[in-house]
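Notes follow the structure.
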Amino acid sequence: MGSARPGWRWRRPPSRRRHSRTELPDLSVRPAEDQLAGYLAERRALILLDNCEHLADACAQLAKTLLSAAPELHILATSRRTLGITGEHVLTVPPLCPEDAVALLRDRAAAVRTGFQVSEANRDQAARLCADLDGLPLAIELAASRPRTFTIEQLADGSKTGSRS
């Protein structure tokens with residue numbers, strides 16, 4: 001497989017990856033966290049922990065354990081709150097400007113619904129929806145997946161009442 005940086009290996013998603021027996025950790029009675037730490041100890045790797053706010057303490061403990069066992073490990077964690085561990089670098093994602101927010105909504109909604117457009121007829125509702133979502137890219141991405149079942153107008157009306165479901 002190709003590599004963007006020397007020494008880094010890109011991995012396929014688990015659904016398309018072929019495992020060899022030598023790559024799998026042992027199935028002993030050791031805790032999975034210990035097995036993973038042992039497996040990563042001599043490897044250069046990047047692990048993504050997504051939505052850590054739901055299990056922030058557990059994610060922080062896992063990160064501490066793995067980082068102490070694997071000096072070449074890097075962890076990218078997404079969360080609405082910090083993990084509070086040594087060496088943590090926080091990057092706050094700022095809100096998008098209104099034009100960029102509507103463009104993101106348009107592009108992402110068009111990806112899930114053929115023919116979707118932000119037009120003069122629904123531009124104000126799209127802008128209101130993005131403003132109600134505070135211009136946050138993740139919130140806009142999630143809302144953009146909804147045009148399969150809702151129009152922008154329905155989403156914008158629901159965003160005022162919090163009834164988006």
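Each residue takes its place number in the sequence, starting with 1. Every value quoted in this text rests on a predicted model; they were computed, and no experiment measured them.
Heavy atoms only, all atoms of each residue included: A156 and D132 are closest at O-OD2, 4.2 Å. Considering every non-hydrogen atom in both A70 and L40, the closest pair reads CB-O, 3.3 Å. Heavy atoms only, all atoms of each residue included: A77 and C52 are closest at CB-SG, 3.9 Å. When all heavy atoms of L49 and C59 are compared, the closest pair comes out as CD1-O, 4.3 Å. Contact record, L133 with A143: CD1-CB, 3.7 Å, taken as the closest heavy-atom pair. Annotation for I75 and L67: closest pair CD1-CG, 3.9 Å, computed over non-hydrogen atoms.
In this structure, the side chains of L66 and I47 come closer than 4.5 Å at one or more pairs of heavy atoms.
Checked by atom type and distance alone, the side chain of D100 never pairs as donor or acceptor with a backbone atom of C97 at under 3.5 Å. Between the side chain of Q35 and the backbone N or O of R30, at least one donor-acceptor pair lies under 3.5 Å.
The distance from the CG atom of L105 to the CZ atom of F116 is 5.5 Å, given to the nearest 0.5 Å. Atom CG of L36 sits about 7.0 Å away from atom CG of L62, to the nearest 0.5 Å. Atom CG in L129 sits 10.5 Å away from atom CG in N122 (nearest 0.5 Å). Rounding to the nearest 0.5 Å gives a distance of 10.5 Å between CD of E99 and SG of C130. The CG atom of L46 sits 8.0 Å away from atom CG of L73, with the distance rounded to the nearest 0.5 Å. Atoms CG and CD, from D107 and E141 in turn, are 9.5 Å apart once rounded to the nearest 0.5 Å.
Side chain to side chain, T65 and Q61 meet the donor-acceptor criterion of an N or O pair below 3.5 Å.
V102 is connected to L104 through a chain of hydrophobic side-chain contacts under 4.5 Å among Ile, Leu, Val, Met, Phe, Trp and Tyr, so both are in one cluster.
For Q117, there are no side chain to side chain contact (heavy atoms under 4.5 Å, CB included) partners two or more places apart in sequence or in a different chain. Scored by the side chain to side chain contact (heavy atoms under 4.5 Å, CB included) test, R81 finds E53, A56, D57, S79 as partners (sequence neighbours excluded).
Residue pairs meeting the salt bridge (Lys or Arg N to Asp or Glu O under 4.0 Å) criterion with at least one member in residues 33-42, sequence neighbours excluded, do not occur.
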